[in-house]
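Residues take their numbers from the sequence shown, with the count starting at 1.
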Amino acid sequence: VQLQASGGGLVQAGGSLRLSCAASGFIFRLNTMDWYRQAPGKQRELVASITSGGSTEYVDSVKGRFTISRDNAKNRMFLQMNSLRAEDTAVYYCHLNLYRHYWGQGTLVTVS
């Protein structure tokens with residue numbers, strides 16, 4: 001299993017970023033995928049999840065601002081982040097729970 005997150009960067013408050021996660025080594029379309037984040041000095045938290053059928057869930061702090069999606073044909077997951085706030089600054093990880101936890105390498109999002 002490999003998960004490769006990308007798309008992070010520096011953005012001003014109120015701006016937008018789109019994260020991407022490229023997945024390989026398992027049957028992507030059959031599995032729930034997640035985005036987690038870890039801010040400096042804080043525990044890693046679940047941000048959003050998307051099931052194989054496309055159902056989504058979000059942590060309250062990002063509802064209405066972030067949208068998780070997936071492209072099963074391309075084995076990719078996305079996180080569209082709008083109206084970014086300073087408190088969204090974190091390393092964002094794509095995650096798969098398939099008999100064990102798999103993590104991508106993370107992509108840093110900094111909101112100034």
Extract all donor-acceptor atom pairs below 3.5 Å that involve side chains of residues 47-56 and protein atoms in other chains or at least two apart in sequence.
| from | atom 1 | to | atom 2 | distance (Å) |
| --- | --- | --- | --- | --- |
| S49 | OG | D34 | OD1 | 2.6 |
| T51 | OG1 | G53 | N | 3.3 |
| T51 | OG1 | G54 | N | 3.3 |
| T51 | OG1 | S55 | N | 3.0 |

Report all side-chain donor-acceptor pairs from residues 4-20 shorter than 3.5 Å, counting only partners two or more places apart or in another chain.
| from | atom 1 | to | atom 2 | distance (Å) |
| --- | --- | --- | --- | --- |
| S16 | OG | N82 | OD1 | 2.9 |
| S20 | OG | R76 | NH1 | 2.7 |

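Going from atom NE2 of H95 over to atom CG of L3 covers 9.0 Å, rounded to the nearest 0.5 Å. The line from OH of Y92 to CG of L108 is 10.0 Å long, rounded to the nearest 0.5 Å. Here the CG atom belonging to D88 is positioned 11.0 Å from the OG1 atom belonging to T110, to the nearest 0.5 angstrom.
Annotation: side chain of V91 is not in contact with side chain of Y36 (no heavy-atom distance under 4.5 Å). Inter-residue side-chain proximity for V62 and R37 is flagged as met; some heavy-atom pair is nearer than 4.5 Å.
A donor-acceptor pair under 3.5 Å is absent between the side-chain atoms of R29 and the main chain of N72, judged by distance alone. Of the possible donor and acceptor atoms, one in the side chain of Y58 sits under 3.5 Å from a partner among the backbone N and O of I68. The backbone N or O of V111 lies less than 3.5 Å from a partner atom in the side chain of T89, making a donor-acceptor pair.
Open room surrounds CD on Q2; 12 or fewer heavy atoms of other groups in view lie less than 6.0 Å from it. The environment of CD in E57 is sparse: at most 12 heavy-atom neighbours from other residues, nucleotides or ligands sit within 6.0 Å.
Closest heavy-atom contact between L96 and T32: CD1-O, 3.8 Å.
By the rule that hydrophobic residues join a cluster once side-chain heavy atoms approach within less than 4.5 Å of another member, M77 and V109 end up as members of one cluster.
The existence of a salt bridge linking D60 and K63 is confirmed by a sub-4.0 Å separation between a basic side-chain nitrogen and an acidic carboxylate oxygen.
Among residue pairs with one or both ends in residues 36-112, those qualifying as disulfide (SG to SG under 2.5 Å) are C21-C94; sequence neighbours excluded.
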Go through it in stages, so that I can follow the logic: the residues are R44 and W103, the test is side chain to side chain contact (heavy atoms under 4.5 Å, CB included), and I'd like the CA-CA distance, side-chain angles, deciding distance and then a yes or no. CA-CA 12 Å; R44 195 170 294 190; W103 301 93; 3.2 Å; yes
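A tilted orientation is assigned to the rings of F26 and F28, their planes being inclined by 30° to 60°.
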